[in-house]
Amino acid sequence: MVMNQAVHVFVFDGLADWEIGRVTYDLRTANGIPLRTFALTDGIVTTGGGLRIVPDKTVKDVAVEDISLLILPGGSMWESENPEALLPLVSSLFQNHVPVAAICGATIFLAQNGFLNGRSHTSNGKSYLLEGVSDYEGEDLYVDEPIAATDDLITANGKYPIEFSHAILGRLKVYEAETLDAFLAFWKG
């Protein structure tokens, strides 16, 4: 990771905070990896669990070269909105081979905008994507597993936040393989 880069987390009202809590804590507190939050607009965001977040910046202030990995948490917003202001950033990240990690409902956004086409991916079920995205074209590359990871994309079923965290930590090479395996074993119980 380049020193001026940080893991960026997109925050919005109703985000599923439990899906990213383990990985954000482990990155920042246990490993000192810089984290930045950003939203579509200025102002406080209230997560699905009722936590209030003051984002570090808005999407218009985010530069691709400052991101080591983007986390798109789940939440019901993705099922009713397609935040177009996020499109240029996500598109630029993929063009520059900067990894994007999406869990649960965030995979709907990726499918709606063609980012899952040509990439192995998972979600809350193939039917979830077929029902939520009228022009979903990634069906042939859908993987019925908790996690699917390529060089530039990590996707996860919302029921597997620990595996999602594990995949992100692995992608960022935060731990040696043995420690990473121990992380997964410990948190899965």
Side-chain angles (χ1 to χ4, degrees), residues 1-11 15-38 47 56 62-75 78 86 89-111 115-126 128-129 138 141-189:
M1 181 179 343
V2 179
M3 292 306 286
N4 66 336
Q5 291 182 325
V7 172
H8 280 59
V9 181
F10 176 59
V11 296
L15 81 85
D17 43 23
W18 60 92
E19 293 176 344
I20 61 167
R22 177 73 261 152
V23 72
T24 56
Y25 182 88
D26 215 75
L27 287 170
R28 186 180 173 280
T29 303
N31 291 286
I33 305 290
L35 281 174
R36 301 289 177 267
T37 58
F38 71 97
T47 71
D56 296 314
V62 177
V64 171
E65 58 272 10
D66 294 338
I67 301 176
S68 58
L69 182 139
L70 172 64
I71 298 175
L72 298 174
W78 301 111
L86 198 54
L89 175 64
V90 174
S91 182
S92 290
L93 291 171
F94 282 122
Q95 288 170 5
N96 288 286
H97 308 288
V98 176
V100 174
I103 186 169
C104 195
T107 60
I108 293 248
F109 168 77
L110 295 178
F115 297 120
L116 299 182
N117 298 345
R119 292 180 174 92
S120 178
H121 61 277
T122 195
S123 182
N124 294 345
K126 190 187 296 187
Y128 178 73
L129 291 176
L141 292 173
Y142 184 86
V143 178
D144 193 17
E145 296 290 335
I147 296 289
T150 66
D151 287 341
D152 61 355
L153 178 66
I154 297 168
T155 51
N157 182 309
K159 294 189 289 186
Y160 299 97
I162 299 301
E163 291 82 351
F164 184 60
S165 299
H166 178 262
I168 291 170
L169 295 169
R171 178 63 176 88
L172 292 171
K173 297 178 176 34
V174 172
Y175 297 125
E176 297 295 327
E178 184 177 298
T179 304
L180 192 59
D181 290 345
F183 170 92
L184 186 61
F186 178 82
W187 287 108
K188 284 190 68 167

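Note that this is a predicted model, so its numbers are computed, not measured. Sequence positions, counted from 1, serve as the residue numbers for this chain.
- Proximity of Arg28 to Val7: side-chain heavy atoms (C-beta onward) are nowhere separated by under 4.5 Å.
- Ring geometry for Phe10 versus Phe38: interplanar angle of 30 to 60°, hence tilted.
- You'll find the side chain of Leu172 reaches within 4.5 Å of the side chain of Leu27, heavy atoms only.
- By the 4.5 Å heavy-atom criterion applied to side chains, Lys188 and Glu163 are counted as neighbours.
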Kindly determine whether Asp152 and Arg119 satisfy salt bridge (charged side-chain N to carboxylate O under 4.0 Å, His left out), including the steps that lead there. CA-CA 9 Å; Asp152 61 355; Arg119 292 180 174 92; 3.2 Å; yes
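- Panel note: side chain Asp66, backbone Ala6; no donor-acceptor pair is recorded below 3.5 Å.
- You'll find the side chain of Phe183 reaches within 4.5 Å of the side chain of Arg22, heavy atoms only.
- Put simply, the side chain of Thr122 never gets that close to the backbone of Ile147: no donor and acceptor are under 3.5 Å apart.
- The closest side-chain heavy-atom distance from Leu89 to Leu93 is below 4.5 Å.
- Between Asp26 and Tyr175, the side chains place a donor N or O and an acceptor N or O closer than 3.5 Å (distance only, hydrogens not considered).
- In terms of modelled atom types and a separation under 3.5 Å, the side chain of Thr150 and the main chain of Ser120 share no donor-acceptor contact.
- For the pair Glu19 (side chain) and Pro161 (backbone), a donor-acceptor distance under 3.5 Å is absent.
- The two residues Cys104 and Tyr128 have their closest heavy-atom pair at O-CE2, 4.2 Å.
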